[in-house]
Number of protein chains: 2
Amino acid sequence: MSMDIIDRKLLELLQADATMPIAELAQRVNLSQTPCWKRLQRLKEAGVIRAQVALCDARKLGVGTTVFVAVRTNQHTETWAAAFTQAVRDIPEVVEVYRMSGETDYLLRVVVSDIDDYDRIYKQLITAVPLYDVSSSFAMEQIKYSTALPVRPAVTVTNNG
Amino acid sequence: MSMDIIDRKLLELLQADATMPIAELAQRVNLSQTPCWKRLQRLKEAGVIRAQVALCDARKLGVGTTVFVAVRTNQHTETWAAAFTQAVRDIPEVVEVYRMSGETDYLLRVVVSDIDDYDRIYKQLITAVPLYDVSSSFAMEQIKYSTALPVRPAVTVTNNG
DNA sequence: AATGAAAGGCGCGACAC
DNA sequence: GTGTCGCGCCTTTCATT
């Protein structure tokens, strides 16, 4: 799938605001509506654009506190991993989960209303699946949160690196 | 701002798919189009719904690798904090930044194509602002990533906790 | 006062050029 | 890639309880 500078500009715009009408998108990239629309179809079909969603205000939903949870396991088995995966996917307060290299086996981002609320999720988690070690760090402030991925040309290979 | 069970259901639906036409949204919450539409307007004006965006596939954009960067500073000043904030906001590969409690002062999530690419961002970061300590952990696998925040009733206070 | 039904504006989606 | 046409959705208004 080719991705020229116009496609990248479209992705940039749509990642910032997906309500923008095609007419406006088109003129921002100096195109008429039809080719612009065709590019969007192509990007969707290729799965580059994988969804269009509403973003909510975490504080207004009463989950303004983020907790990072570092998890270690002593059961390095496929069945444990499957159970853990299922458990975290089933808890909506757990919004991000990564399997890590290094000391920590898994890193979770959990959104809650306060410390007591976190304790509720913590208990839910350790009840659902056995954890060897759990270490929680609270975020004091969210300085940046972006769902927009960087859209840039394929890294150019040069000889003077 | 009151938020009944219908509003919460609407948020749940829109956080999963914001392309859903009002007619369908309406019938999913057992309402007709107008009252449903009015609720959406209200949620937008109140800032509960803060944006509507396109989500892209990280791998297909060549940034399928996530790196968590723990940063410590020795300059606990307002000016340093402002410079740091500006620096991370200006780097699109840095998608999330939190000010933490505990050992780590700041935790960053960075998306890159590979280790070499991360080194590029790392250099960019330490050039922009002085950092006392930087510790990077690579994610092997993204097990969960959701932009949908949990939408639940205000925590009911009971006497038998 | 809030819901359910109906009409107009308009942006999306397929054709020919 | 550009311009045109029709369909269907969003938005508003009116009638209703």
Side-chain angles (χ1 to χ4, degrees), chain A residues 1-57 60-62 146-154 156, chain B residues 1-58 60-62 146-149 151-154 156:
Chain A
M1 154 124 204
S2 69
M3 282 260 301
D4 63 11
I5 194 167
I6 296 181
D7 285 333
R8 292 199 292 271
K9 183 65 180 171
L10 287 174
L11 291 177
E12 203 174 291
L13 290 167
L14 287 174
Q15 284 189 113
D17 180 14
T19 68
M20 195 179 292
I22 296 219
E24 189 175 344
L25 273 175
Q27 78 175 30
R28 294 253 189 138
V29 297
N30 295 320
L31 243 60
S32 61
Q33 298 191 20
T34 310
C36 181
W37 177 80
K38 281 190 175 177
R39 280 169 183 267
L40 295 187
Q41 289 307 101
R42 193 153 152 279
L43 290 168
K44 284 176 191 169
E45 278 159 26
V48 177
I49 297 175
R50 61 178 181 79
Q52 191 172 321
V53 302
L55 298 182
C56 292
D57 186 294
K60 287 175 180 163
L61 290 186
S146 173
T147 58
L149 299 172
V151 189
R152 45 184 185 175
T156 310
Chain B
M1 154 122 204
S2 68
M3 281 261 299
D4 64 12
I5 193 168
I6 295 180
D7 284 332
R8 291 199 293 271
K9 184 65 181 170
L10 286 174
L11 291 177
E12 204 175 289
L13 291 166
L14 288 173
Q15 285 189 113
D17 180 14
T19 67
M20 194 178 295
I22 296 217
E24 189 174 345
L25 273 175
Q27 77 175 29
R28 294 255 188 137
V29 297
N30 296 320
L31 243 58
S32 61
Q33 297 193 19
T34 310
C36 180
W37 177 81
K38 283 190 174 176
R39 281 169 184 268
L40 295 187
Q41 289 306 101
R42 193 154 151 278
L43 290 167
K44 284 177 193 168
E45 279 159 25
V48 177
I49 297 174
R50 62 176 181 80
Q52 190 171 319
V53 302
L55 299 181
C56 292
D57 186 295
K60 286 174 181 164
L61 290 187
S146 173
T147 58
L149 299 172
V151 189
R152 47 186 184 175
T156 309

Chemist: Before you tell me yes or no, could you show the steps for B/C36 and B/E24 under side chain to side chain contact (heavy atoms under 4.5 Å, CB included), namely the whole-Å CA-CA distance, both residues' side-chain angles and the distance that decides it to 0.1 Å?
Modeler: CA-CA 10 Å; B/C36 180; B/E24 189 174 345; over 6 Å; no
Chemist: Could A/E12 and A/K9 be called an ion pair, given the rule that one side-chain N must be under 4.0 Å from one carboxylate O?
Modeler: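 A salt bridge links A/E12 with A/K9.
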Chemist: Going 5' to 3' on DNA chain D, which nucleotide is the first and which the last to come under 4.0 Å of a heavy atom in chain B?
Modeler: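 First-to-last contact on DNA chain D, by the 4.0 Å heavy-atom rule, is D/dC10 to D/dT13.
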Chemist: Among residues 5-25 of chain B, which contact DNA chain C at a heavy-atom distance under 4.0 Å?
Modeler: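 None - not one residue of the stretch has a heavy atom sitting under 4.0 Å from the strand.
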Chemist: Going by the rule salt bridge (charged side-chain N to carboxylate O under 4.0 Å, His left out), which residues pair with A/K44 if we only count those two or more places apart in sequence or in a different chain?
Modeler: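 Counting only residues at least two positions away or on another chain, A/K44 forms no salt bridge (charged side-chain N to carboxylate O under 4.0 Å, His left out).
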Chemist: Report the distance from atom CZ of A/R152 to atom CD1 of A/I5, rounding to the nearest 0.5 Å.
Modeler: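 CD1 of A/I5 is found 15.0 Å from CZ of A/R152.
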Chemist: Report yes or no: do B/R39 and B/T34 form a side-chain donor-acceptor pair below 3.5 Å?
Modeler: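 There is no such pair (donor and acceptor under 3.5 Å, judged by atom type) between the side chains of B/R39 and B/T34.
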Chemist: Return the set of residues passing salt bridge (charged side-chain N to carboxylate O under 4.0 Å, His left out) with B/R50 (not counting sequence neighbours), or none when no residue passes.
Modeler: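 None.
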Chemist: For DNA chain C, which nucleotides open and close the run of contacts to chain B, 5' to 3', at under 4.0 angstrom from a non-hydrogen atom?
Modeler: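 For DNA chain C, the relevant span reads C/dT3 to C/dA5.
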Chemist: Short question: side chain of A/Q52, backbone of B/L55 - any donor-acceptor pair under 3.5 Å?
Modeler: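 No; judged by distance alone, with no hydrogens or angles, the pair does not exist.
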Chemist: Evaluate the criterion side chain to side chain contact (heavy atoms under 4.5 Å, CB included) for residue pair B/L43 and B/M3; output intermediate values, then yes/no.
Modeler: CA-CA 9 Å; B/L43 290 167; B/M3 281 261 299; 3.8 Å; yes
Chemist: Show your working on side chain to side chain contact (heavy atoms under 4.5 Å, CB included) between B/L25 and B/L10 and close with a plain yes or no.
Modeler: CA-CA 7 Å; B/L25 273 175; B/L10 286 174; 4.2 Å; yes
Chemist: Taking DNA chain D as the partner, which of residues 27-43 of chain B come within under 4.0 angstrom of it by heavy atom?
Modeler: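 Only B/Q33, B/T34, B/W37 qualify.
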Chemist: Is a donor on one side and an acceptor on the other found under 3.5 Å between the side chain of B/Q15 and the backbone of B/L149?
Modeler: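 A pair under 3.5 Å: yes.
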Chemist: Distance-only, no hydrogens or angles: does the B/K60 side chain make a donor-acceptor pair with backbone N or O of A/I49 under 3.5 Å?
Modeler: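 The answer is no, because no donor-acceptor pair under 3.5 Å joins these two groups.
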Chemist: Could you give the distance from CG (B/L40) to CG (B/L11), rounded to the nearest 0.5 Å?
Modeler: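 So the CG of B/L40 and the CG of B/L11 are separated by 8.5 Å.
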